[in-house]
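The structure that follows is given in the form of structure tokens.
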2 protein chains.
Amino acid sequence: MKSKYVSIYEQLASKIESKEIMPGDYLPSEKELMSIYDASRDTIRKSLVMLKQAGYIQKTKGKGSIVIDIHQFEFPISGITSFKEISQSISGDVSTEVVCFEIMNADKNLSGKLNINLGDKIYYIERVRKVDGEAIILDIDVINAGIVPGLTKEIAKDSIYDYIENELGLKISFAKKEISVQTINNLDKMFIDLRGFDMMAVVESYTYLDDASLFQYTISRHRPDRFKFREFARRDKNV
Amino acid sequence: MKSKYVSIYEQLASKIESKEIMPGDYLPSEKELMSIYDASRDTIRKSLVMLKQAGYIQKTKGKGSIVIDIHQFEFPISGITSFKEISQSISGDVSTEVVCFEIMNADKNLSGKLNINLGDKIYYIERVRKVDGEAIILDIDVINAGIVPGLTKEIAKDSIYDYIENELGLKISFAKKEISVQTINNLDKMFIDLRGFDMMAVVESYTYLDDASLFQYTISRHRPDRFKFREFARRDKNV
DNA sequence: ATGTATTTGTACGTATGTATG
DNA sequence: ACATACATACGTACAAATACA
């Protein structure tokens with residue numbers, strides 16, 4: 001059962017996405033929204049906080065909530081988004097090839113990354129992402145098999161996140177990410193259509209479930225000409 | 001006057017930073033926090049939402065709020081942070097050289113970036129950032145002089161954000177950022193100690209005040225071996 | 001310049017629902 | 001079954017910033 005304030009957030013966000021409410025316009029006041037959606041001020045304000053954090057609106061005391069123009073021309077790449085989810089907004093033919101799928105015992109390096117004991121079961125997966133037939137991304141996933149059991153090569157070819165959330169019913173909650181630029185390595189040379197590039201944009205992620213357990217360490221290596229990372233940030237974190 | 005929930009957030013965050021409350025520990029329950037800080041549940045929950053968004057804690061219904069270990073080893077580079085603020089957490093000798101400071105009329109390109117009229121007054125500033133004597137970052141700032149008047153070369157050498165917030169009393173509120181990797185250009189060759197690198201990590205930012213006015217467009221070009229961008233992201237945006 | 005209405009921000013209270021142990 | 005803890009949703013009151021007559 002979805003909560004009321006999330007539902008109101010989604011309705012307002014979709015009105016903004018569809019340009020029914022344009023950038024520069026003010027939303028109805030909180031009082032008006034209360035009667036429009038038959039909700040208390042508390043509920044409306046929670047929806048507005050979500051809109052604010054997501055970069056849809058800017059609130060000003062005494063004035064109102066204005067729609068800002070961040071969302072109109074591009075989709076966000078930041079946050080926690082699976083490749084399958086991202087690929088839906090990419091124009092072009094997208095495919096995934098699973099070039100390595102192993103269940104193994106964690107060595108010293110990998111057990112450290114996942115904060116588990118030496119020898120614990122993990123999945124080690126390498127996937128190449130192709131856009132319009134060109135191999136441009138190499139994803140290396142290390143997944144704690146004690147938390148995420150039953151993975152198969154077929155699932156890895158489709159969407160691991162989909163399996164975790166919809167088959168296992170687990171909730172992916174938060175991630176720490178680190179972006180850097182690194183010189184190419186042997187895996188890049190083997191699997192990526194490098195086109196002469198000698199560096200790769202690298203996103204390392206540690207991803208956690210809602211019980212704060214770390215289940216995944218990912219290295220995502222992108223050919224630099226096809227890499228773009230977008231972020232919406234707020235200096236003032238108040239709610 | 002700082003609000004109560006922000007003050008409680010700061011107290012709890014500092015207890016976490018200082019390891020008085022360790023990762024893995026649970027915070028006192030909301031009920032207990034109410035009596036500790038003599039506050040209502042609403043106020044406590046606002047503080048906890050801030051802690052959650054900032055990556056300090058994970059909340060679980062029925063259990064409590066556990067401290068997670070994201071903040072222990074590193075500071076975030078993401079968000080809206082001035083170079084002066086970042087440099088305080090860098091070990092090493094940091095300096096800034098203002099290699100270009102001009103007030104000029106916006107041409108077609110720059111007026112488009114700042115969403116102003118052709119010919120409006122802007123500041124165009126180029127700054128080289130050195131760490132331990134080595135030039136590793138080139139920052140190019142285009143600032144709307146109608147919104148941020150009175151800039152000087154001296155201010156640019158110190159901190160423009162400091163001037164905007166503390167001298168002009170304006171509030172920097174949000175930014176849209178885009179990270180990419182680009183081949184070096186003539187400015188890089190002129191000002192950066194390239195050490196043979198032929199690409200740069202580039203962060204483009206559009207930064208806004210709290211009245212949703214766009215005042216700054218920045219291109220920050222980093223030598224790739226010294227570039228690192230960290231983000232904390234949540235898949236579930238509820239408040 | 002002043003006062004008033006509007007709008008958002010903060011703080012508190014109460015009740016009920018849902019997940020955990 | 002029960003107690004505990006967080007989540008949602010309703011309400012009230014007042015403060016602070018803004019807009020306007």
Side-chain angles (χ1 to χ4, degrees), chain A residues 1-12 21 25-53 56-68 169-171 173-174 209-213 234 236-239, chain B residues 1-12 21 25-53 56-68 169-171 173-174 209-213 234 236-239:
Chain A
M1 179 53 190
K2 193 169 295 178
S3 55
K4 199 167 175 175
Y5 76 86
V6 173
S7 144
I8 295 171
Y9 160 78
E10 286 169 353
Q11 290 175 61
L12 289 171
I21 311 177
D25 289 354
Y26 280 86
L27 292 185
S29 72
E30 294 177 353
K31 198 176 176 184
E32 289 170 311
L33 290 170
M34 285 169 70
S35 72
I36 293 172
Y37 292 103
D38 187 31
S40 69
R41 182 142 178 249
D42 178 67
T43 301
I44 296 296
R45 282 182 61 79
K46 279 183 185 161
S47 310
L48 296 184
V49 166
M50 284 186 77
L51 287 169
K52 174 184 156 186
Q53 313 275 35
Y56 284 105
I57 64 169
Q58 178 73 356
K59 307 179 98 244
T60 310
K61 189 191 290 193
K63 286 183 81 171
S65 301
I66 194 172
V67 175
I68 57 185
L170 302 173
K171 282 189 193 130
S173 183
F174 61 93
L209 297 179
D210 69 340
D211 64 355
S213 61
R234 286 195 170 274
D236 140 38
K237 314 287 191 195
N238 292 14
V239 292
Chain B
M1 180 53 190
K2 194 167 295 177
S3 55
K4 200 166 175 177
Y5 76 87
V6 174
S7 145
I8 296 171
Y9 160 78
E10 286 169 353
Q11 290 176 62
L12 288 170
I21 312 176
D25 289 353
Y26 280 85
L27 293 185
S29 71
E30 294 178 353
K31 197 175 174 181
E32 290 170 313
L33 290 170
M34 284 169 69
S35 73
I36 293 172
Y37 292 103
D38 187 31
S40 70
R41 178 129 184 260
D42 180 66
T43 300
I44 295 297
R45 282 180 61 78
K46 279 181 186 161
S47 311
L48 296 184
V49 166
M50 285 186 76
L51 287 169
K52 173 184 156 186
Q53 312 278 35
Y56 284 106
I57 64 168
Q58 177 72 358
K59 309 177 95 241
T60 311
K61 189 190 291 192
K63 288 183 80 170
S65 301
I66 193 171
V67 176
I68 58 185
L170 301 173
K171 280 186 193 137
S173 183
F174 61 94
L209 297 179
D210 68 343
D211 64 356
S213 61
R234 287 195 170 273
D236 144 36
K237 316 287 191 193
N238 291 15
V239 292

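Worth saying up front: this structure is predicted, and the values here are computed from it rather than measured. Just so it is clear, the values below take in all heavy atoms, side chains as well, and ignore hydrogens, waters and symmetry mates.
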Task: Start and end of chain A contact along DNA chain C [non-hydrogen atoms, under 4.0 Å] - done: dT7(C) to dT10(C)
- [ ] Answer yes or no: is there a donor N or O on one side and an acceptor on the other, between the side chain of Gln58(A) and the main chain of Asp211(B), under 3.5 Å?
- [x] no
- [ ] Give a yes or no on whether the backbone of Val239(A) and the side-chain of Tyr5(B) come within a donor-acceptor separation of less than 3.5 Å.
- [x] yes
Task: Atom of Leu48(B), atom of Ile57(B) and distance for their closest heavy-atom approach - done: O-CD1, 3.6 Å
Task: Minimum heavy-atom distance between Ile44(A) and Leu33(A), given as atom pair plus value - done: CD1-O, 3.6 Å
Task: Axis bend over the full length of the helix from dT2(C)-dA21(D) to dG21(C)-dC2(D), computed from five pairs that close each end, to 10 degrees - done: 10°
Open item on the list: I'd like to know whether NZ of Lys171(A) has more than 12 heavy-atom contacts from other residues, nucleotides or ligands below 6.0 angstrom.
Closed with: no
Task: Listed partners of Tyr37(B) passing ring-ring contact (aromatic ring centres under 6.0 Å, His included), at least two apart - done: none
Task: All salt bridge (Lys or Arg N to Asp or Glu O under 4.0 Å) counterparts of Lys59(A), not counting sequence neighbours - done: Glu30(A)
TODO: Sugar-phosphate means primed atoms, P, OP1 and OP2; the rest is base. With that split, encode nucleotides 3-10 of chain D 5' to 3' as B, S or - using protein heavy atoms under 4.0 Å.
DONE: --BBBBBB
- [ ] Ignoring hydrogens and angles, tell me if any N or O in the side chain of Lys4(B) forms a donor-acceptor pair with the backbone of Asp38(B) under 3.5 Å.
- [x] yes
Task: Any donor-acceptor N/O pair, Gln53(A) side chain to Met50(A) backbone, under 3.5 Å - done: no
Open item on the list: Distance check needed: dG11(D) C1' versus Ile44(A) CD1, whole Å only.
Closed with: 15 Å
Open item on the list: Restricting to side-chain hydrogen bond (donor to acceptor under 3.5 Å, both in side chains), what partner residues turn up for Ser40(A), sequence neighbours left out?
Closed with: Thr43(A)
